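This report refers to the structure that appears directly beneath it.
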There are 2 protein chains.
Amino acid sequence: MLMIMGFEKDSLNLIVPELAELLVKRYQLLRKIYYSAPIGRRPLASYFNLGEKILRKEVDLLREQGLLIVDQRGISLTPSGENLVTDITPYLKSLLGLTLLEERLLRILKVKRVLVIPGNLENDEVVLLEMGRAAAKILRELLEPDMILAVSGGTSCAAVADMLSEGPAPHGIEVVPARGGLGEVVDYQANNIAARVARKLRARYRLLHLPDSLGEEALQIVMKDEKVQRILGMINSAKVLLHGIGIADEMARCRNATPEEIKRLVHEGAVGEVFGLFYNAGGEIVGSIPGLGLYLDNLNKHARHVIVVAGGRKKAEAIIAIVGNHPRDLLVLDEGAARKIAEIAGDNGGDKAFDE
Amino acid sequence: MLMIMGFEKDSLNLIVPELAELLVKRYQLLRKIYYSAPIGRRPLASYFNLGEKILRKEVDLLREQGLLIVDQRGISLTPSGENLVTDITPYLKSLLGLTLLEERLLRILKVKRVLVIPGNLENDEVVLLEMGRAAAKILRELLEPDMILAVSGGTSCAAVADMLSEGPAPHGIEVVPARGGLGEVVDYQANNIAARVARKLRARYRLLHLPDSLGEEALQIVMKDEKVQRILGMINSAKVLLHGIGIADEMARCRNATPEEIKRLVHEGAVGEVFGLFYNAGGEIVGSIPGLGLYLDNLNKHARHVIVVAGGRKKAEAIIAIVGNHPRDLLVLDEGAARKIAEIAGDNGGDKAFDE
DNA sequence: ATAAATGGGTCTAAAAAAGTCCCATCTGGC
DNA sequence: GCCAGATGGGACTTTTTTAGACCCATTTAT
């Protein structure tokens with residue numbers, strides 16, 4: 001049974017304006033439970049900053065609908081609840097105007113495909129997992145035998161690694177980190193993520209040990225090492241690239257850059273960072289992690305598929321700078337970043353936001 | 001923008017179960033205002049048996065949505081409100097399962113096309129007008145030059161006449177009453193309806209003066225009259241038939257049938273009546289208005305289009321008896337009758353009912 | 001001109017919602 | 001096999017929302 005949807009989105013919102021709010025609230029709830037089941041009533045309430053009773057009412061309603069079960073261990077989704085949370089997603093996206101937003105971003109940015117995940121990563125950490133799941137699913141579909149897959153660090157790529165389904169991939173795939181060890185939490189380092197992705201894919205992986213703390217000369221020496229050279233070569237010939245996007249000043253501060261280096265980056269208008277390279281709003285490289293130089297500059301030329309995962313309103317400028325000026329194949333972002341990008345581009349849809 | 005609807009109907013109902021109730025309530029409200037504008041707050045409240053405040057809340061909400069305007073004369077629909085009430089109808093029908101119900105009735109009955117109007121005629125008189133409007137619209141599309149259109153009496157056909165749009169129809173059309181004057185209110189007599197339909201179509205019409213109160217012999221004499229004979233001939237050669245359906249015992253009691261005649265009809269199992277002919281559940285003619293005999297028996301053979309309009313749960317059996325055994329081209333009924341028919345046929349969808 | 005109907009405002013009563021606690025029970029770690 | 005901690009369910013109170021019943025100034029149709 002097929003029906004034209006477009007007009008009903010608006011019509012339904014007109015005649016039942018509370019629909020969007022109700023739908024979004026319960027969708028968020030189901031989605032959170034999906035990722036955290038079994039979870040107690042109180043942790044759930046505090047997660048959404050809701051009163052205990054108000055959440056209980058929702059849970060009772062959804063339980064009566066057969067969407068979730070609640071037992072002594074906590075609240076979990078029933079099978080039909082799990083089906084629903086995926087089934088309803090395209091409708092929700094249409095209702096919230098995210099489908100239109102995706103089309104808008106296709107025009108604004110230089111990207112072949114866009115996926116906007118409902119919600120705001122800054123308010124709802126489940127959104128990050130959803131982004132990871134979406135990117136991971138597409139990543140798997142891209143894999144072919146003997147491909148080299150280069151991954152960057154950061155929370156976004158970590159989420160992709162976490163949500164990647166376990167199971168064998170085509171033969172001969174190798175996963176490499178696109179950068180050496182950074183001064184971050186180990187879970188978000190490129191090395192670690194490469195290893196996790198490889199484990200999920202049952203593929204090989206290489207590690208690149210280039211701590212940022214190394215001095216310029218030491219770095220030059222290490223980079224002449226045969227092993228390091230081979231991995232650098234692999235990175236540059238990677239067929240699939242998966243990377244997040246950093247906010248320039250955050251990254252510069254996080255990595256031990258000198259104060260004058262930071263000052264210079266600011267002066268040059270750096271807004272975004274990828275693989276240790278800093279970009280200004282025009283998409284030009286205006287700096288890099290000390291010592292590494294621009295050895296990654298020609299990554300895009302060899303890569304066949306470039307996947308970007310990034311979320312949060314504050315990353316909008318960085319996304320525009322990078323994805324707006326350099327062609328990418330897939331961009332997975334959250335609603336927060338997507339709306340902000342559309343706002344900046346002066347092309348916002350005026351739709352109501354999903355998040356509070 | 002196209003989307004698959006089927007599953008969303010159920011999915012939306014699952015995750016936002018209050019949607020159906022809200023939608024139906026406001027749809028009913030808009031529909032009533034559409035037909036009664038401008039109408040005051042108090043008459044509206046009493047029409048729906050609602051408290052004054054509770055209705056005011058709904059009206060305020062719909063006003064804020066820009067669907068209706070309220071001024072000193074009362075409440076009316078805005079243009080977008082009028083558009084909405086028609087735009088949302090197919091969605092509402094799908095949500096309530098009426099689209100499925102229509103398909104089910106196609107299988108149960110011998111009819112080419114079915115239209116189920118949301119609501120129950122017995123609780124909401126606006127439903128009758130909606131039925132009339134739907135039938136009238138299709139009737140107009142069927143008209144061709146020099147056609148003879150025969151109409152029956154009753155409230156349903158009267159509604160069709162009322163809702164028929166005013167404007168010229170193809171040339172040479174003639175409207176005739178399918179039966180003589182009955183002992184009913186003048187507005188519901190076939191003669192009167194034929195005249196009103198003709199006026200709307202700017203077509204010619206003939207009247208047939210055969211009061212039921214006439215005795216058997218007098219009737220026989222009148223029927224030999226040349227004029228009467230010609231009209232009877234026209235009726236029998238009508239290309240388009242529009243008729244309602246009567247409930248057997250109501251009709252028998254209403255028309256002055258003798259007690260023994262009523263007894264005989266009951267004994268024969270008469271359940272439905274059309275054009276003065278009584279049908280049992282098997283669709284066989286078991287009686288007729290005295291004197292007229294079966295002169296209309298072969299109506300169907302000449303008619304090219306037969307339209308039936310009938311509503312109300314209590315007419316379900318009659319509809320089954322007649323439309324279930326004699327081929328019709330179009331059946332316009334209300335949700336009440338449609339659901340009852342499906343129940344009787346043991347094939348009910350189990351959907352929630354539109355009406356309270 | 002006038003009488004009836006209109007929407008809007010207000011006061012009050014009732015009901016529903018939400019916050020806050022407690023408790024029996026079960027789970028999971030050890 | 002035990003114990004600490006978390007689980008959902010229930011009960012009570014406070015708050016908020018809702019709904020009912022008026023009255024009133026204005027306007028409209030007669």
Side-chain angles (χ1 to χ4, degrees), chain A residues 15-26 28-82 125-126 356, chain B residues 15-26 28-82 125-126 356:
Chain A
I15 197 169
V16 190
E18 49 270 76
L19 171 63
E21 192 192 346
L22 291 171
L23 181 57
V24 163
K25 183 170 59 178
R26 288 171 195 166
Q28 281 182 301
L29 191 55
L30 291 177
R31 189 169 62 177
K32 173 63 180 170
I33 296 170
Y34 175 80
Y35 283 108
S36 308
I39 183 173
R41 192 210 312 152
R42 276 167 277 247
L44 257 187
S46 80
Y47 182 86
F48 288 111
N49 281 100
L50 289 176
E52 188 183 324
K53 200 69 177 273
I54 194 168
L55 181 128
R56 210 201 290 206
K57 201 182 64 177
E58 291 300 319
V59 167
D60 284 347
L61 185 142
L62 293 174
R63 183 176 45 76
E64 280 165 20
Q65 295 294 316
L67 297 176
L68 41 84
I69 49 168
V70 25
D71 57 24
Q72 316 271 12
R73 302 198 328 251
I75 305 164
S76 316
L77 293 190
T78 63
S80 65
E82 289 191 18
E125 54 195 48
V126 165
E356 53 269 28
Chain B
I15 197 170
V16 190
E18 49 270 75
L19 172 63
E21 191 192 347
L22 290 171
L23 182 57
V24 164
K25 182 170 60 180
R26 287 171 195 164
Q28 280 183 303
L29 191 54
L30 290 178
R31 189 168 63 176
K32 173 61 181 172
I33 295 171
Y34 175 81
Y35 283 108
S36 309
I39 182 173
R41 193 210 310 153
R42 276 166 279 250
L44 257 188
S46 80
Y47 182 85
F48 288 109
N49 281 101
L50 289 176
E52 187 183 324
K53 201 70 177 277
I54 193 167
L55 181 128
R56 210 199 291 204
K57 200 181 63 176
E58 291 299 319
V59 166
D60 284 347
L61 185 142
L62 293 174
R63 183 176 45 77
E64 280 164 20
Q65 295 292 318
L67 297 175
L68 41 82
I69 49 168
V70 24
D71 56 23
Q72 316 272 14
R73 304 198 328 255
I75 305 166
S76 316
L77 293 191
T78 63
S80 65
E82 288 192 20
E125 55 195 48
V126 166
E356 55 268 31

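Bear in mind that the values here come from a model prediction, so they are computed numbers and not experimental data. Chain identifiers are assigned alphabetically (A, B, ...) following the order of the sequence lines, protein sequences preceding nucleic acid strands; residue numbering begins at 1 within each chain.
- Rounded to an integer number of Å, the gap from B:Arg73 CZ to C:dG7 P is 11 Å.
- As rounded to whole Å, 13 Å separates atom C1' of C:dG7 from atom CG of B:Leu68.
- The distance between atom CG of A:Leu61 and atom C1' of C:dA17, rounded to the nearest whole Å, is 15 Å.
- Computed from coordinates, the B:Asp60 CG to D:dT18 C1' distance equals 14 Å when rounded to whole Å.
- With distances taken from any side-chain atom of A:Ile54 to the nucleotides C:dG19, C:dT25, C:dG28, the minimum falls on C:dG19.
- Of the possible polar contacts, none joining the B:Ser76 side chain to the B:Ala37 backbone as a donor-acceptor pair under 3.5 Å is found.
- Residue B:Leu30 comes nearest to A:Ile15 through the heavy atom pair CD1-CD1, 3.7 Å, listed as atom of the first residue, atom of the second, then distance.
- Straight-line distance from the CG atom of A:Leu50 to the C1' atom of C:dG19: 13 Å, rounded to whole Å.
- Along DNA chain C, the nucleotide nearest to B:Arg63 and the one nearest to A:Gly51 differ in position, and the one closer to the 5' end is contacted by B:Arg63.
- Atom CZ of A:Arg41 sits in a crowded spot, with more than 12 heavy atoms from other residues, nucleotides or ligands closer than 6.0 Å.
- Using a 4.0 Å heavy-atom criterion, one finds that B:Pro43 contacts the sugar-phosphate atoms exclusively.
- Within 4.0 Å of B:Ile39, counting heavy atoms only, lie sugar-phosphate atoms of the nucleic acid but no base atom.
- A salt bridge links B:Glu52 with B:Arg56: the closest approach of a Lys/Arg side-chain nitrogen to an acidic carboxylate oxygen falls below 4.0 angstrom.
- Here the C1' atom of nucleotide D:dC12 and the NZ atom of A:Lys53 are 9 Å apart, to the nearest Å.
- Annotation: cation-pi pair B:Lys32/B:Phe48 absent, no NZ/CZ under 6.0 Å from the ring centroid and within 45° of its normal.
- Residues B:Arg63 and B:Asp60 are paired through a salt bridge, judged by an N-O separation under 4.0 Å between the basic side chain and the carboxylate.
- Under the rule for a side-chain contact (heavy atoms from CB on, under 4.5 Å), the partners of B:Gln65 that lie at least two apart in sequence or sit in another chain are A:Leu14, A:Pro17, B:Leu61, B:Leu67.
- Regarding B:Glu18, its CD atom lies at a distance of 15 Å from the C1' atom of C:dA17, rounded to whole Å.
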Pairwise N/O distances under 3.5 Å, protein to nucleotides 22-24 of chain D:
unit_1, atom_1, unit_2, atom_2, d
D:dC22, N4, B:Glu52, OE2, 3.3

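- The side chain of A:Lys57 contributes no N or O atom lying less than 4.0 Å from OP1 or OP2 of C:dA17.
- If one axis is set at each end of the helix from C:dA1-D:dT30 to C:dC30-D:dG1 from five pairs, those axes are 50° apart, to 10°.
- In B:Glu18, the CD atom is crowded: over 12 heavy atoms of neighbouring residues, nucleotides or ligands sit closer than 6.0 Å.
- In this structure, B:Glu58 places its CD atom 16 Å from P of C:dG7, rounding to the nearest Å.
- Residue B:Tyr47 comes nearest to B:Val126 through the heavy atom pair OH-N, 3.4 Å, listed as atom of the first residue, atom of the second, then distance.
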